[in-house]
Amino acid sequence: SVSEGPEPSQHRRILRLAAPNLMANLSVPLVGFVDTAFVGHLPEVAFIGAVAVASVIFDVFYAGLGFLRMGTTTLTAQYHGARQRGRCTEVLCLANVLAICLGLVIILLSGGIANLGFKLVGASEAVEFWGKDYFEVRVYGAPFVLLTFVLIGFFRGIADVVTPMWMTVIITVLNVFGDYALIYGKFGAPALGVKGAAWASVLATLAGLLYGCCVLAWRYRGYLALRVGDRKQIRRLLVTNLDLFGRTACLLFAQFFVLTVVGRLGETALAANAIMWQVWFLVSSSVDAVAYAAETLVGNYLGAREFVKARQISGRCLLWGAVMGLGFAGAYGVAMEPIARGFTRHEDVVVLVVSLTFWVVAAQPLNGLAYVLDGIFIGANDTRHLFLAMAISAFGVFLPTTLVFVYGMNLGLKGAWMGYNALMVARLATLSLRYR
């Protein structure tokens with residue numbers, strides 16, 4: 001029954017999965033940190049906005065296609081818990097085929113994607129010029145990124161969190177060295193400026209993917225087979241991924257809407273917003289370490305039909321999410337100014353970032369819970385509710401409140417972030433009701 005005492009090892013199980021996930025996740029925003037910091041010390045402030053806008057366009061597609069990772073994890077975790085290796089193989093094969101096709105489509109449509117993205121943002125001519133320089137190179141890494149999503153989702157589903165950690169560490173380290181070499185022309189490389197940051201990203205992602213493939217071939221040969229499954233299996237994968245895509249599309253609408261609003265406030269506001277996203281992304285990437293542990297453990301327990309343990313592990317993951325959110329709130333409360341100065345030398349950008357400290361700090365404890373609830377529902381394959389909850393939060397709460405704060409009350413960048421905080425409050429409320 002639910003009243004049974006928790007396993008004494010449950011917190012340790014969470015930490016064994018969360019610790020490598022944390023190292024892996026922290027390397028993801030570090031790529032953006034490094035790109036922004038290196039480019040932020042080039043002479044023109046437009047370079048920061050250019051990389052920021054181009055990166056957000058990629059984030060829209062990559063996050064929108066993040067169902068390749070989440071859908072692979074939730075199905076693999078449940079099949080792994082039920083000890084159905086053949087089903088795990090089917091999920092891996094289907095997801096890889098989908099990733100390759102989608103990556104090639106992105107490359108083929110890249111010109112139109114870039115034009116539409118920069119038009120929607122409404123950035124200055126300088127920002128658009130340099131941003132398209134960055135975009136046209138980085139887009140060649142799309143298939144590598146999506147295949148990496150699938151491998152990471154598969155490894156996490158079978159409770160191997162060490163391999164994804166090393167994949168992302170490799171990507172991060174090579175991206176740092178690549179940025180330094182290719183942006184500034186160090187180690188005998190050409191000085192490519194903004195394009196150098198893009199090439200560094202492509203090459204680093206390819207290296208991480210190759211490492212993951214080698215581990216798959218060496219340690220998990222039993223999963224290597226060409227199996228696409230029956231119609232029921234294909235339908236389950238597609239329905240799960242479609243729900244997750246809808247959920248993520250609603251979230252990305254909110255993030256992109258903030259960018260379109262800020263892009264019309266000038267280059268200083270756009271640069272400050274780019275730094276704020278990096279600060280915000282660090283929290284989500286850190287707490288997602290626990291959320292990913294929840295995906296694996298909840299999925300494994302439900303696949304094995306151990307429902308009491310699934311519920312217990314969910315409660316402990318939520319506790320860790322709340323603690324981490326409070327920790328980030330305290331850290332940002334005392335260190336926002338030095339963080340901003342680490343990104344840029346432009347004083348007006350620093351001042352604007354510091355002015356938003358309260359709105360960043362206040363949201364983090366709530367964010368910690370919301371991110372972990374996402375992981376719990378993904379592990380439970382309750383993807384339809386995730387989609388509906390995000391749609392209500394984005395269109396029923398975020399959009400009207402942001403319009404009121406920005407245009408009705410003329411609060412500018414602060415109003416945009418107040419609206420985004422309203423989105424997070426709505427996410428927590430809708431997911432909490434379902435969790436109860």
Side-chain angles (χ1 to χ4, degrees), residues 24-25 27-28 31 55 57-80 86-110 113 135 138-158 160-161 163-168 170-171 201-217 220 223-229 233-249 251-252 288 292 295-296 299 378 381 383:
N25 290 355
S27 70
V28 176
V31 173
S55 295
I57 295 172
F58 280 110
D59 290 344
V60 167
F61 278 92
Y62 291 155
L65 298 172
F67 63 78
L68 289 166
R69 203 270 318 154
M70 294 182 285
T72 304
T73 297
T74 180
L75 296 177
T76 303
Q78 292 196 8
Y79 289 138
H80 183 69
R87 290 294 192 183
C88 294
T89 300
E90 292 169 1
V91 172
L92 180 62
C93 288
L94 288 169
N96 276 324
V97 171
L98 193 55
I100 293 171
C101 293
L102 291 172
L104 294 176
V105 168
I106 291 175
I107 293 175
L108 290 174
L109 301 179
S110 59
I113 293 169
F135 186 95
R138 189 174 165 188
V139 73
Y140 290 112
F144 307 146
V145 172
L146 300 185
L147 287 169
T148 299
F149 286 176
V150 172
L151 282 183
I152 288 176
F154 172 79
F155 288 133
R156 285 176 175 161
I158 61 174
D160 177 359
V161 292
T163 300
M165 178 191 74
W166 283 114
M167 288 173 68
T168 50
I170 288 169
I171 292 171
S201 175
V202 172
L203 296 174
T205 303
L206 176 59
L209 173 62
L210 291 175
Y211 171 79
C213 290
C214 289
V215 173
L216 181 65
Y220 302 106
Y223 292 96
L224 293 179
L226 186 59
R227 297 185 55 167
V228 295
Q233 171 76 333
I234 295 172
R235 183 180 182 278
R236 187 183 186 198
L237 178 71
L238 293 178
V239 169
T240 296
N241 285 341
L242 186 61
D243 286 337
L244 290 170
F245 172 76
R247 169 257 182 200
T248 306
L251 176 61
L252 291 174
D288 275 348
Y292 294 161
E295 291 177 19
T296 300
I378 290 171
N381 200 29
T383 53

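- A donor-acceptor contact shorter than 3.5 Å links the side chain of Thr89 to the backbone of Tyr223.
- Every residue meeting the side chain to side chain donor-acceptor pair (under 3.5 Å) condition with Thr240, not counting sequence neighbours, appears here in chain and number order: Asn381.
- The two residues Gly103 and Ala142 have their closest heavy-atom pair at O-CB, 4.0 Å.
- The side-chain contact (heavy atoms from CB on, under 4.5 Å) search around Ile100 returns Leu104, Leu147, not counting sequence neighbours.
- Within a 6.0 Å radius of CZ in Phe245, other residues, nucleotides and ligands contribute 12 heavy atoms or fewer.
- With sequence neighbours left out, Val145 forms a side-chain contact (heavy atoms from CB on, under 4.5 Å) with Tyr62, Phe149, Thr205.
- One distance of note links CG of Leu206 with CD1 of Ile170; it measures 11.5 Å at 0.5 Å rounding.
- Tyr211 OH: more than 12 foreign heavy atoms inside a 6.0 Å radius.
- The side-chain contact (heavy atoms from CB on, under 4.5 Å) check on Cys213 picks up Leu151, Leu209, with sequence neighbours excluded.
- Here the closest non-hydrogen pair linking Tyr79 and Cys88 is CB-SG, 3.7 Å.
- Summarising the geometry, atom CZ belonging to Phe154 is positioned 9.5 Å from atom OG1 belonging to Thr72; distances are rounded to the nearest 0.5 Å.
- For Leu109, the side-chain contact (heavy atoms from CB on, under 4.5 Å) criterion is met by Val105, Ile113, not counting sequence neighbours.
- Atoms CZ and CZ, on Phe67 and Arg247 in that order, are 12.5 Å from each other to the nearest 0.5 Å.
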Please assess Val161 against Phe155 for the test side-chain contact (heavy atoms from CB on, under 4.5 Å), listing each intermediate value before the final yes or no.
-> CA-CA 6 Å; Val161 292; Phe155 288 133; over 6 Å; no
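- The CG atom of Leu146 lies 10.5 Å from the SG atom of Cys101; values are rounded to the nearest 0.5 Å.
- How far CG of Asn241 is from OG1 of Thr248: 10.0 Å, rounded to the nearest 0.5 Å.
- By the side chain to side chain donor-acceptor pair (under 3.5 Å) test, Arg69 is found to be paired with Thr73, Glu295, residues two or more places apart in sequence or in another chain being considered.
- The ring pair (Phe, Tyr, Trp, His ring centres under 6.0 Å) check on Phe144 picks up nothing, with sequence neighbours excluded.
- In this structure the side chain of Val150 never reaches within 4.5 angstrom of the side chain of Leu98, judged on heavy atoms.
- In this structure, the side chain to side chain donor-acceptor pair (under 3.5 Å) partners of Thr383, at least two apart in sequence or on a different chain, are Asp243.
- With sequence neighbours excluded, the residues forming a side chain to side chain donor-acceptor pair (under 3.5 Å) with Tyr220 are Asp160, listed by chain and number.
- In this structure, CZ on Arg156 lies 11.0 Å from OG1 on Thr163, to the nearest 0.5 angstrom.
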Do Leu94 and Leu238 pass the side-chain contact (heavy atoms from CB on, under 4.5 Å) test, and can you show the C-alpha distance, the side-chain angles, and the key distance before you say yes or no?
-> CA-CA 10 Å; Leu94 288 169; Leu238 293 178; over 6 Å; no
